[in-house]
Amino acid sequence: MPKKHAFNLMLLLIVCLSFSSCLKQKYEDFLNSLDEEPLDSIIDTGAVLAELKFPADFRFKTENKINITITDPAERIIYELYAKSNELTASLDSIPGPLPHRLFERKTSDGTIREQISIPSYVDSVLLVRKSNTSVESFVEPVTDTGINFNYAPSASKQNIAFQTHGAAKNLDCTNVYGQRLPVDLFNTSISTNGAVRTLFDINFPNQGVNAAIEATSVSGVELKNSFFIGIAGLSTPIYTVNDFAYWISSRIDTNNDADGYVEFVMTFDQPVQNILLHLRSVDNSMYQFVGTQHSEQLLSGGSEFIYENASRILRDSNPRSKSRYFRDGYGTVLISANSSTFDQIVWRRIDDPNSNGQNDSNWFTFTEVPTCNDNDGDGAENTVDVYPEDPSRAFDVFYPTETTQATIAFEDLWPFLGDYDFNDTALDYSIKTTLNANNEAVSMEFDYTVTSDGASFTNAFAFELPGVSPTNIASITGQALSNNVFTLSGNGTEVGQPNAVIPLFDDHSAIVAQNGKVIVRFTNPIPEGQLGNGPFNPFLVVDGEREIEIHLAGESPTALGNNTPSVAGNNVDPNGNYATSEGLPWAINVAEAFPVLKEKESIDRGYLFFREWAISGGKNRRDWYKNIQGYRDNAKLKLE
């Protein structure tokens, strides 16, 4: 047996016999695996990684916690917040939605929004979308060491990447009138053709119980080419996505460069309505001219190119068939309102654009209903913005890491001894949704998770500590997977003997691998805006049922029942009890996006090729080391299934 191999065997045997938690079986499995590995295997690579010196203040964090304050004295204002990433930019440039990485959408309270958010450390700016009843505006705000402090002013010298309003809205007393939750139903439509006249029947507006039909008539040589085509598409209005849109109407025409010809569209309703929203894509080389006498129009949003001329009532595209970066170019939303109290007919024409030589023009359009100003639950958040319109205790959601993504937390469970740094002993993908009331106070939290790796011989448990939250302020916890009596619980589901609320999720990771779990925490009293903070809070692993053996993220503190300086014999490589080796390497890592963990005995720097550069630089270089970018990973080392 080589000397180095023998030394490893002797050292691990000593540790196994002396460690108070009796790691016998774990180390026996580990020793057996050594007999099967060549000397240039992961053991050597792991030792090299462990011997590297990392900056003393580096905690291997892949995200930054940012305090954001939005000040906007106007009424009926709602803000969306996104981490400005390459994925977001690509979505803004593409047809499909929704936009990724949304952190929240919520109404201001007394003219402000205050929140702590967590964003990946490679993100250096955020996208703020401000929605009023007269415009949708967007602003790119840099992330600074002091956070983000945004004060809205119409003339502010912010970088506005969206568009401005045209005119003033009429009789709109709701917040967020753009109708995201009230799409038209085109599922049961039918089409008839009678010479130059084509009709689309059974356009249903379900919120008002109204049906409509559109009759299109070709005049003087201009042709409606495709007799109305109902398409299923995830098309998006500028900047934000209209939720639940599935069906759009295609109306392709051929103008034949005829200045006198047009296709006239007459939309007739079976009951009077006050207003609707018309959503458009691809006006291109032909223009919309509104000619109905019962209604007027207002361009609420028009990307970078839509222009509405009030005198002629013409909507046109100033740069047909182009697609400008960052603007969702070619999308627009037009508010159509009654000139008196109601209308039962809308009339518009598609006419030739004399400034263009194009003839064949595709256009997609659809409708949404303008929400009525109801507040069903009476909480002060209208149905148009209330995510929970029938529950007065809930109104908005804040997400970690974002609304559409998950984070990964992965552990080495040999603490305080050196591991092999494949970070697959226990790993889980998870997200946290914090629900707020209409006053922007936190009322509940929801932990969604999936255990993705069981590379341990131990049976491990997992929990979150909520710093600053008293256990008495937890009303209830549901969904915990607890069967091994690792945690002693009070009646509300929190752990007994803790000054801060500790929320156990499960106590046997091996029993729930690949199963989805959901733990819901409800607070007794709402937590004031901005005080709760955001994920990942203080997550930790309890190793093999030994309650005092907690493994935390580097630099975090143990709970009141944890012991970060246990008395052990052998090579304790965490003498300071800060959950990092003397060289700075952690036993747990939290990544702000879900990522595949390593195969057994493949150290993290072998699978993620820029991990080492990131770590040695103290997080300054390669801040996106874990992303699925060409050249960043060795997929052969990763668990991809």
Side-chain angles (χ1 to χ4, degrees), residues 25-27 29-30 32-34 36-38 40-50 60 62-63 120 401 404-415 418-431 447-462 481 505-506 508-517 536 539-541 543-544 551 553 585-615 622 624-641:
Q25 186 61 50
K26 174 76 173 184
Y27 282 112
D29 293 343
F30 191 53
N32 289 335
S33 71
L34 289 177
E36 303 169 1
E37 292 288 330
D40 61 351
S41 71
I42 191 60
I43 303 305
D44 290 333
T45 301
V48 171
L49 180 63
F60 286 78
T62 64
E63 61 203 339
T404 54
T405 61
Q406 288 189 304
T408 295
I409 188 166
F411 293 90
E412 284 289 308
D413 65 1
L414 291 183
W415 179 88
L418 205 60
D420 55 9
Y421 291 99
D422 53 19
F423 285 101
N424 69 10
D425 292 339
T426 301
L428 59 150
D429 293 344
Y430 72 99
S431 61
F447 298 82
D448 282 278
Y449 70 91
T450 303
V451 175
T452 58
S453 183
D454 174 25
S457 297
F458 292 155
T459 299
N460 296 325
F462 181 81
L505 268 59
F506 56 82
D508 182 354
H509 76 290
S510 63
I512 56 173
V513 174
Q515 299 179 24
N516 297 119
F540 63 95
L541 202 70
V543 178
D544 207 29
I551 301 178
L553 297 171
L585 199 61
W587 279 264
I589 188 166
N590 188 79
V591 178
E593 299 175 18
F595 82 115
V597 296
L598 283 299
K599 292 180 179 178
E600 191 64 34
K601 301 174 196 168
E602 298 287 3
S603 70
I604 192 169
D605 59 326
R606 279 196 165 187
Y608 292 93
L609 306 181
F610 294 113
F611 175 87
R612 185 175 295 198
E613 179 182 343
W614 169 72
R622 302 289 185 177
D624 59 352
W625 59 268
Y626 48 85
K627 295 186 73 65
N628 189 15
I629 298 174
Q630 185 174 1
Y632 273 45
R633 298 177 175 182
D634 182 349
N635 287 331
K637 305 293 195 299
L638 306 180
K639 291 183 177 181
L640 297 177
E641 297 181 356

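Counting from 1, the numbers follow the sequence of the chain as shown.
Legend: residues meeting side chain to side chain donor-acceptor pair (under 3.5 Å) with T408, ordered by chain and number and at least two apart, are D429. E593 meets the side chain to side chain donor-acceptor pair (under 3.5 Å) test with Y122, K627; sequence neighbours excluded. With sequence neighbours excluded, the residues forming a ring pair (Phe, Tyr, Trp, His ring centres under 6.0 Å) with F595 are Y608, listed by chain and number. Legend: residues meeting side chain to side chain donor-acceptor pair (under 3.5 Å) with S431, ordered by chain and number and at least two apart, are absent. Legend: residues meeting ring pair (Phe, Tyr, Trp, His ring centres under 6.0 Å) with F447, ordered by chain and number and at least two apart, are F464. Residues satisfying the salt bridge (charged side-chain N to carboxylate O under 4.0 Å, His left out) test with R633, not counting sequence neighbours, are none. Remark: N590 pairs with E63, Y400, Y430 by the side chain to side chain donor-acceptor pair (under 3.5 Å) rule, at least two apart or across chains. When the side chain to side chain contact (heavy atoms under 4.5 Å, CB included) test is applied to Q515, the partners found at least two apart in sequence or on another chain are I512. For A410, the side chain to side chain contact (heavy atoms under 4.5 Å, CB included) criterion is met by F423, A427, I589, V597, not counting sequence neighbours.
When atom types are taken as modelled, the side chain of E412 and the backbone of D425 share no donor-acceptor pair closer than 3.5 angstrom.
V513 pairs with exactly one of L428, T426, V451, T450 by the side chain to side chain contact (heavy atoms under 4.5 Å, CB included) rule, that one being V451.
Between W587 and Y421, the two ring planes are tilted [angle within 30° to 60°].
A heavy-atom distance below 4.5 Å is not found between the side chains of S603 and L598. Side-chain contact between Y626 and T62 is present, with at least one heavy-atom pair separated by less than 4.5 Å. Side-chain contact between I409 and L541 is absent, with no heavy-atom pair separated by less than 4.5 Å.
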